[in-house]
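This report concerns only the one structure given below.
Bear in mind the structure is a predicted one, so any value in this text is a computation, not a measurement. Values below: every heavy atom of this structure, side chains too, minus hydrogens, waters and symmetry copies. By convention in this document, chain letters (A, B, ...) are assigned in the order of the sequence lines, proteins followed by strands, and residues within each chain are numbered from 1.
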2 protein chains.
Amino acid sequence: MRLVSTDAGPARPPTIRTVAARAGVSKSLVSLVLQNSPRVSEQRRAAVLAAMAELGYRPDPAARSLAERRTRTVGVVLDDLTNPWYVDLLAGLRPVLHDHGLRPLLADGATEPDAVAALADLRVDGIVVVGTPADSSIEQVVGLGDAVPVVVAGTRESRLTVADVVANDDDAGARLATAHLLEHGHRRIAHIVGEGEVGRLRRDGHIATMRAAGVTEHCVDGDWTEATGHRLARELLDRDDRPTAILAANDLCAVGVLAAADELGLAVPGEVSVVGYDDTVFARLPRLSLTSVDSHIAEVGQAAGEALAARLAGDDPGAPTTRLITPALVVRGSTGPAR
Amino acid sequence: MRLVSTDAGPARPPTIRTVAARAGVSKSLVSLVLQNSPRVSEQRRAAVLAAMAELGYRPDPAARSLAERRTRTVGVVLDDLTNPWYVDLLAGLRPVLHDHGLRPLLADGATEPDAVAALADLRVDGIVVVGTPADSSIEQVVGLGDAVPVVVAGTRESRLTVADVVANDDDAGARLATAHLLEHGHRRIAHIVGEGEVGRLRRDGHIATMRAAGVTEHCVDGDWTEATGHRLARELLDRDDRPTAILAANDLCAVGVLAAADELGLAVPGEVSVVGYDDTVFARLPRLSLTSVDSHIAEVGQAAGEALAARLAGDDPGAPTTRLITPALVVRGSTGPAR
DNA sequence: ATCCAGTATTGGAACGGTCCAGGCGATCCG
DNA sequence: CGGATCGCCTGGACCGTTCCAATACTGGAT
């Protein structure tokens with residue numbers, strides 16, 4: 001009596017050699033069929049395809065990566081999926097990658113300072129850094145040299161000259177929003193400034209538009225969070241010479257501004273108008289109905305994917321490029337004429 | 001003059017053999033150090049580690065996967081990252097996977113019907129299906145047999161008996177919400193029922209609680225979207241015998257209900273109370289201030305990760321388990337006493 | 001000195017693909 | 001008719017690991 005069973009454990013999935021044996025050809029030919037080479041006769045090709053179908057053959061990505069010395073994978077560094085901005089950008093990026101046979105591998109730049117290095121260790125073919133990168137990320141990207149192509153999406157980043165950049169034209173967006181408020185007769189307009197390069201660009205666009213209209217700007221430094229928007233708006237709106245309009249750093253910040261106005265009993269837009277930026281899902285909520293600048297963020301993600309795919313195709317070894325997507329103003333119920 | 005440069009292209013990253021040569025040992029020993037085997041002398045171990053550090057060696061995951069015949073990767077099937085519920089669950093799941101040395105690979109079940117099969121083709125070690133799975137997903141999971149362990153997170157799914165299940169106790173949550181409304185003296189309460197198993201469970205909990213209090217329920221079939229919540233609430237609230245409270249299928253649906261109440265000029269909670277489910281970011285918005293059932297969804301994600309890790313460790317080849325997380329009611333400004 | 005039991009180390013065969021240098025008929029051309 | 005050409009196909013090396021069987025030491029007991 002045999003104690004060892006004859007079948008060797010759980011049946012392994014078929015390999016290229018199994019298929020070759022079944023089709024009566026060499027494994028090399030199966031490989032050629034796999035990458036549908038034109039140098040295979042129709043007859044053989046059909047035989048191989050039939051064998052594959054019968055066996056339910058699926059190529060092993062690990063083996064392929066090892067031999068090809070590329071993974072068909074791109075790392076995507078995100079900060080916070082809770083922020084719909086990142087999700088929307090990802091929604092634009094993902095299909096492009098898919099169309100180029102690339103898989104996204106998400107990493108969290110906020111909780112994991114070594115995200116870029118970790119992705120490099122995984123041998124991703126390229127990296128998309130979404131949003132304002134942490135200092136550590138910048139260092140690591142620079143450290144990569146030209147080993148791995150990098151695209152920065154969603155922000156212009158002056159410290160990073162080695163990567164392609166695709167971003168919303170923040171300057172233009174801030175001008176749109178400011179012009180809208182000026183047209184409604186607002187003169188006392190406050191702007192809550194966001195952090196980093198994006199914050200600076202939006203501020204500069206705002207200031208330029210204000211001055212061109214002969215109006216003095218009033219900027220306060222803030223960040224992208226609801227809490228800060230709330231706190232700063234309370235301070236701004238609690239004064240006698242309170243602004244009649246507030247241009248928030250982004251939608252999230254604007255949500256905080258709305259809350260502050262509500263608490264102070266100020267009608268929106270009757271007594272104070274509020275403008276956000278990014279046109280996220282929050283802006284569209286009926287109860288908020290926030291006028292916002294649509295940064296076409298999905299389009300940014302799409303362009304970023306295309307830029308990376310072009311780099312990977314190798315047909316574009318030129319200097320890093322910058323591409324700006326033109327934003328658009330979406331007017332809703334949170335803005336109206338100044339009293 | 002030589003046209004061909006002497007260095008063979010871009011320097012390849014160091015391999016286990018490079019390290020071995022540098023440390024003066026065999027590649028096998030380097031491999032042993034890599035998996036820190038106790039059967040290596042301290043002296044050699046130190047030499048190998050030093051060589052690795054000097055060369056900046058990083059193991060190649062593809063080669064490792066090929067040899068180990070596992071990828072240390074788990075597929076996560078999601079429907080919609082736009083919905084914060086999925087994001088919050090993912091936030092609970094991700095750290096657990098990370099702690100077990102597993103990487104998540106996200107797939108979109110909504111746009112890609114073959115998501116489960118595609119993940120299997122990628123040779124993921126396990127799969128987490130988040131939310132109510134599409135029919136195609138169910139078929140594919142069943143088709144996998146026991147080749148790949150599967151955990152369903154966020155919903156009980158009676159059609160899927162091969163997988164572990166971790167979910168919120170929807171029945172209990174609906175009871176909490178309903179009891180809260182009854183305590184406030186509401187008697188005409190409408191419930192918008194969500195789709196699938198989750199919708200059924202919440203409905204049953206609601207009905208049971210209503211009947212136990214001697215009150216007749218009023219359920220209408222809906223789904224999880226804002227649009228449907230809006231439409232159904234308009235119908236419900238437009239009648240003379242309109243309900244004094246509405247238990248929405250989830251928060252998103254509740255957002256639509258609020259919009260309907262606003263349009264009809266009905267005060268919330270003065271003339272109608274509204275309850276959501278999931279306690280997402282929407283419920284916490286000051287302008288909405290939605291009473292909601294916190295489904296502790298991050299905890300669900302965490303438990304799902306642990307269940308999958310246990311399966312992968314192989315120490316638990318038992319029958320599929322079901323684990324329910326107890327929800328909690330979060331009372332905010334959208335509910336109050338019946339008039 | 002010899003043998004033995006461990007322990008530390010090594011060589012080589014996988015793992016499942018890609019890719020390259022030929023091989024082998026059949027066709028073409030001089 | 002012989003050789004070059006072409007189209008199709010094959011064997012084998014290689015990608016960077018893991019794992020196993022075999023070997024080389026070490027020191028103590030005989």
Side-chain angles (χ1 to χ4, degrees), chain A residues 8-49 51-52 55-73 101 120-125, chain B residues 8-49 51-52 55-73 101 120-125:
Chain A
R12 287 195 190 170
T15 76
I16 207 179
R17 293 166 221 265
T18 327
V19 173
R22 175 110 176 190
V25 300
S26 73
K27 63 171 181 37
S28 301
L29 191 71
V30 177
S31 176
L32 289 174
V33 170
L34 228 38
Q35 32 203 321
N36 52 69
S37 154
R39 304 145 40 95
V40 176
S41 68
E42 276 318 309
Q43 187 190 352
R44 303 279 198 170
R45 179 188 308 277
V48 169
L49 289 176
M52 286 179 176
L55 294 169
Y57 167 80
R58 322 261 46 197
D60 183 321
R64 179 173 284 182
S65 294
L66 184 59
E68 276 187 320
R69 308 163 91 248
R70 63 172 171 154
T71 55
R72 297 170 188 267
T73 286
D121 288 351
L122 290 172
R123 306 289 201 269
V124 294
D125 295 341
Chain B
R12 286 194 192 171
T15 75
I16 210 179
R17 292 167 221 267
T18 328
V19 173
R22 176 112 177 188
V25 300
S26 74
K27 61 167 185 37
S28 300
L29 191 71
V30 176
S31 176
L32 288 175
V33 170
L34 228 39
Q35 31 202 324
N36 50 69
S37 155
R39 306 145 40 94
V40 177
S41 69
E42 276 317 310
Q43 187 190 353
R44 303 277 198 174
R45 180 190 308 277
V48 170
L49 290 175
M52 284 179 177
L55 294 168
Y57 167 80
R58 321 259 48 195
D60 183 319
R64 179 172 281 181
S65 293
L66 184 58
E68 277 188 320
R69 314 170 82 250
R70 62 171 171 156
T71 55
R72 297 170 188 265
T73 287
D121 288 351
L122 291 172
R123 306 289 201 266
V124 294
D125 295 339

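Within residues 57-66 of chain A, the residues having any heavy atom under 4.0 Å from DNA chain D are, by residue number, Leu66(A).
When the salt bridge (Lys or Arg N to Asp or Glu O under 4.0 Å) test is applied to Arg44(A), no partner is found at least two apart in sequence or on another chain. Not counting sequence neighbours, the partners of Thr71(A) by the side-chain hydrogen bond (donor to acceptor under 3.5 Å, both in side chains) test are Asp125(A). By the salt bridge (Lys or Arg N to Asp or Glu O under 4.0 Å) test, Arg69(A) pairs with no residue at all, sequence neighbours left out. When the salt bridge (Lys or Arg N to Asp or Glu O under 4.0 Å) test is applied to Arg45(A), the partners found at least two apart in sequence or on another chain are Glu42(A). In this structure Arg72(A) satisfies the salt bridge (Lys or Arg N to Asp or Glu O under 4.0 Å) test together with Glu68(A), sequence neighbours excluded.
Within the structure, every pair that satisfies the side-chain hydrogen bond (donor to acceptor under 3.5 Å, both in side chains) test and touches residues 26-35 of chain A, not counting sequence neighbours, is listed here: Ser31(A)-Gln35(A). For the side-chain hydrogen bond (donor to acceptor under 3.5 Å, both in side chains) condition, the pairs that include at least one residue of residues 13-23 of chain A, sequence neighbours left out, are Thr15(A)-Thr18(A), Arg22(A)-Glu54(A).
Axis angle across the helix from dA1(C)-dT30(D) to dG30(C)-dC1(D), with five pairs used at each end and values rounded to 10°: 70°.
Remark: Gln35(B) is not in phosphate contact with dT17(D), judged by side-chain N or O atoms under 4.0 Å from OP1 or OP2. One finds no side-chain N or O of Ser31(B) lying less than 4.0 angstrom from the OP1 or OP2 phosphate oxygen of dT17(D).
The separation between Arg12(B) atom CZ and dC14(D) atom C1' is 9 Å, rounded to whole Å. In this structure, Leu34(B) atom CG and dT17(D) atom P are separated by 7 Å, rounded to whole Å. One interatomic measurement links the two molecules: CZ of Arg72(B) to P of dT17(D), which rounds to 13 Å at whole-angstrom precision. Atom C1' of nucleotide dC15(D) and atom CZ of Arg17(B) are separated by 9 Å, given to the nearest angstrom. In this structure, Arg70(B) places its CZ atom 16 Å from P of dT17(D), rounding to the nearest Å.
Within the 4.5 Å cutoff, no side-chain heavy atoms of Pro13(A) are placed close to those of Arg58(A). Leu122(A) has its side chain out of reach of Thr73(A): every pair of non-hydrogen atoms, C-beta onward, lies at least 4.5 Å apart.
Between atom CG of residue Leu29(B) and atom OG of residue Ser41(B) there is a gap of 7.0 Å, rounded to the nearest 0.5 Å. Taking CZ of Arg39(A) as the start and CG of Leu32(A) as the end, the distance is 7.0 Å to the nearest 0.5 Å. To the nearest 0.5 Å, the span separating CD1 on Ile16(B) from CE on Met52(B) amounts to 7.0 Å.
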> Taking it one step at a time, do Leu34(A) and Tyr57(A) satisfy side-chain contact (heavy atoms from CB on, under 4.5 Å)?
Replying inline: CA-CA 11 Å; Leu34(A) 228 38; Tyr57(A) 167 80; 3.6 Å; yes
Using a cutoff of under 3.5 Å, can you pull out all pairs of nitrogen or oxygen atoms linking the protein to nucleotides 8-11 of chain D, with atom names and distances?
| from | atom 1 | to | atom 2 | distance (Å) |
| --- | --- | --- | --- | --- |
| dC9(D) | OP1 | Ser41(A) | OG | 2.9 |
| dC9(D) | OP1 | Arg44(A) | NE | 2.7 |
| dC9(D) | OP2 | Ser41(A) | N | 2.9 |
| dC9(D) | OP2 | Ser41(A) | OG | 3.4 |
| dC9(D) | N4 | Arg39(A) | NH2 | 3.4 |
| dT10(D) | OP2 | Ser26(A) | N | 3.0 |
| dT10(D) | OP2 | Ser26(A) | OG | 3.0 |
| dG11(D) | N7 | Ser28(A) | OG | 3.1 |
| dG11(D) | O6 | Ser28(A) | OG | 2.5 |

Check: protein-nucleotides 24-28 of chain D nitrogen or oxygen pairs below 3.5 Å:
none

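On the nucleic acid side, DNA chain C contacts chain B at distances under 4.0 Å to non-hydrogen atoms, with the end points of that region at dA8(C) to dG16(C).
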